[in-house]
Amino acid sequence: MPAERHIPVLLKETVTALAVKAGGRYLDGTLGRAGHASAVVDLGGVVLGIDRDDQALDEVKAEGRIGIAVVKGNHGDLVRIALEHGWKNVDGILLDLGVSSPQLDEAGRGFSFLRDGPLDMRMDRSCGRTAADIVNGDSVEGLEDIFKTLGEEPRARQIAKAIGRARGEGRRFETTKDLADFIEGLIGRRGAHHPATRVFQALRMEVNDEMGELERALEGGMEILTSGGRFAVITFESLTDRAVKRFFAAHVGRMRSLQAGGEEWDGVPPRAKAVTRKAIVAGPEEIRVNPRSRSAKLRVIEKV
Ligand SMILES: C[S@@+](CC[C@H](N)C(=O)[O-])C[C@H]1O[C@@H](n2cnc3c(N)ncnc32)[C@H](O)[C@@H]1O
C-alpha cells in the first residue's frame, strides 16, 4: 500500500505560536515531509530542517523547497547542527515528536501492529538496534522495565515473563504480527485499543531513544534560542508531554515568597515565559479530517 501523505497537525496554531517573522531563522528538529516548515517559509522564515529518516529527507530534497536547508541528524544534536550551519542562535524551534504517517503506514518500517512487517521501528535505518533485537535479546527484567517506563504498560511484568518463556521454548519474534498476536493471545482484547499498543510505543521509544533525544533537544534548544524566540513542541503521548510540561515549567519558573519578606525567582536559568497557559489541542474539525491529531498537544514558551 502506498504511504499516505503526512498531514501536519495543529498547523495554524503552531506557526501562530512561533510568531514567525520575515527573515527569521527557524529550526525544525522533526522535518518529516516539511509540512510545518513550509508554512514557516510561506510566512517569510528561513528553516533548518533536521530529520533522521532518509526517506523523509529524500522526499523533501526532491521537492526542492526554497528556504529549507535539509540536514540528516538527530534533534538531540541540534546545537552542533545549527553551529555547523553557521547559526549561533535561532528565532524559533519546533519539535513535532513521534512517527510520521508514512512511517506508520508502511508495513516494511515495522512501526504498526496493524500492518505485518519486520519488527524494526528504527527511524534511521542505517544504524542501531531493531525492536526485534530488543524483544529477542534483552533480559526479561530489561523488557519489563522498557514496557513499564516507556509504555506505562500495567501488565509489563506478565508480558515480559511470557516473552522470556516463549524464547526459552525456541520462539523468536521477527514480525509485528508475531508480537501483536502473541500479546493479544496472552492478555486478550479489552476496550478500544489493541492490547499491544503500549508495548509497541515502548519499543519504538527505546529503539529511537526518544526520551534521551527529547531531553537533549530541549536543553540545547534553550541554549541557542535568542531572546524573544519561541520554542514549540507537539507531543502525542502522555510520557513525552509530561517531560515537555515539566521542562517548560522549570524554565518559566515562578516567584517564591521569602520568609524575610519580598520575593525571589524560583526556576532554572535561562528564564522563559509561557506563551499559552495550557496545552493547545486539536478541535473537532481537525480531528475529523486527521484522526491522528486527537492525541496531539502543543506547548510553547518564549525565551526572555
Ligand atoms: C510527526 S513527524 C513530523 C512531521 C512534520 N512536522 C511535517 O509537517 O511533515 C516526526 C518526524 O520526526 C523525525 N524524528 C523523530 N525523532 C527524531 C530525532 N530524534 N531526530 C531527528 N528526527 C527525528 C521522524 O523521522 C519523523 O519524520
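In this chain, numbering begins with 1 at the start of the sequence shown. Whatever order the structure lists ligands and atoms in, that order sets their numbers, starting from 1.
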Heavy-atom proximity to atom 10 (C) of ligand 1 ranks first, among Ala39, Gly32, Gly98, Ala296, for Gly98
### Query
Taking the non-hydrogen atoms of Gly76, is any one of them nearer than 4.0 angstrom to ligand 1?
no
Atom 7 (C) of ligand 1: closest protein heavy atom, distance to 0.1 Å, is Gly35 N, 3.4 Å
Practice prompt. Output yes when Arg288 and Glu285 qualify as a salt bridge under the 4.0 Å nitrogen-oxygen rule, no when they do not.
Written response: yes
Ligand 1 to Asp53, heavy atom cutoff 4.0 Å, flagged ligand atoms 25 (O)
Under 4.0 Å from one or more heavy atoms of Pro8, ligand 1 contributes atoms 8 (O)
Logged contact type for Leu31 with ligand 1, heavy-atom cut-off 4.0 Å, is backbone
Under 4.0 Å between heavy atoms, the region of Ala37 that gets near ligand 1 turns out to be neither
Open item on the list: Set out, in order, the CA-CA distance, both residues' side-chain angles and the distance that settles side chain to side chain contact (heavy atoms under 4.5 Å, CB included) for Tyr26 and Val41, then state yes or no.
Closed with: CA-CA 9 Å; Tyr26 297 88; Val41 169; over 6 Å; no
task: Measure the distances from the heavy atoms of Gln103 to every atom of ligand 1 and state whether one is below 4.0 angstrom.
output: yes
* Answer yes if the ring centres of Phe200 and Phe111 are under 6.0 angstrom apart, and no otherwise. => no
If we number the atoms of ligand 1 from 1 as shown, the ones under 4.0 Å from a heavy atom of Arg33 are 7 (C), 9 (O)
In terms of its nearest heavy atom to atom 12 (O) of ligand 1, the top option of Thr14, Thr30, Leu78 is Thr30
Candidates Glu210, His75, Arg204; heavy atom nearest atom 20 (N) of ligand 1 found on His75
Per-atom filter on ligand 1: closer than 4.0 angstrom to a heavy atom of Gly29 are 21 (C), 22 (N)
- Salt-bridge present (Asp91, Arg230; N to O < 4.0 Å): no
In ligand 1, the atoms that come under 4.0 Å of a heavy atom of Val99 are 1 (C)
Sorted by chain and number, sequence neighbours left out, salt bridge (Lys or Arg N to Asp or Glu O under 4.0 Å) with Asp145 holds for none
Exercise for review: Determine, using heavy atoms of Ser101 and all atoms of ligand 1, whether some pair is separated by less than 4.0 Å.
Suggested key: no
**Item:** Expected output: side-chain His36 to main-chain Val9 donor-acceptor under 3.5 Å
**Value:** yes
- Out of curiosity, is Asp51 lining ligand 1, as in a heavy atom under 4.0 Å away? yes
Glu213 heavy atoms within 4.0 Å reach ligand 1 at atoms 19 (N)
Looking just at side-chain N and O atoms, do Ser293 and Asn290 make a donor-acceptor pair shorter than 3.5 Å?
no
Scan side-chain atoms only and decide if Arg115 and Thr176 contain a donor-acceptor pair under the 3.5 Å cut-off.
no
Query raised in the report: Has Gly73 got any heavy atom lying under 4.0 angstrom from an atom of ligand 1?
Result: yes
So the atoms of ligand 1 within less than 4.0 Å of a heavy atom of Asp96 turn out to be 1 (C), 2 (S), 3 (C), 4 (C), 5 (C), 6 (N), 10 (C)
For Met123, the ligand 1 atoms with a heavy-atom partner under 4.0 Å come out as 14 (N), 15 (C), 16 (N), 24 (C), 25 (O)
side-chain contact (heavy atoms from CB on, under 4.5 Å) with Arg109: of Met121, Arg122, Gln55, only one passes, and it is Gln55
Does Glu263 pair with Arg256 as a salt bridge, N-O distance under 4.0 Å?
no
* Would you say the side chains of Thr240 and Glu237 form a donor-acceptor pair under 3.5 Å? -> yes
Checklist entry - Is any side-chain N of the basic residue among Asp138 and Arg129 closer than 4.0 Å to the acidic one's carboxylate O? => result yes
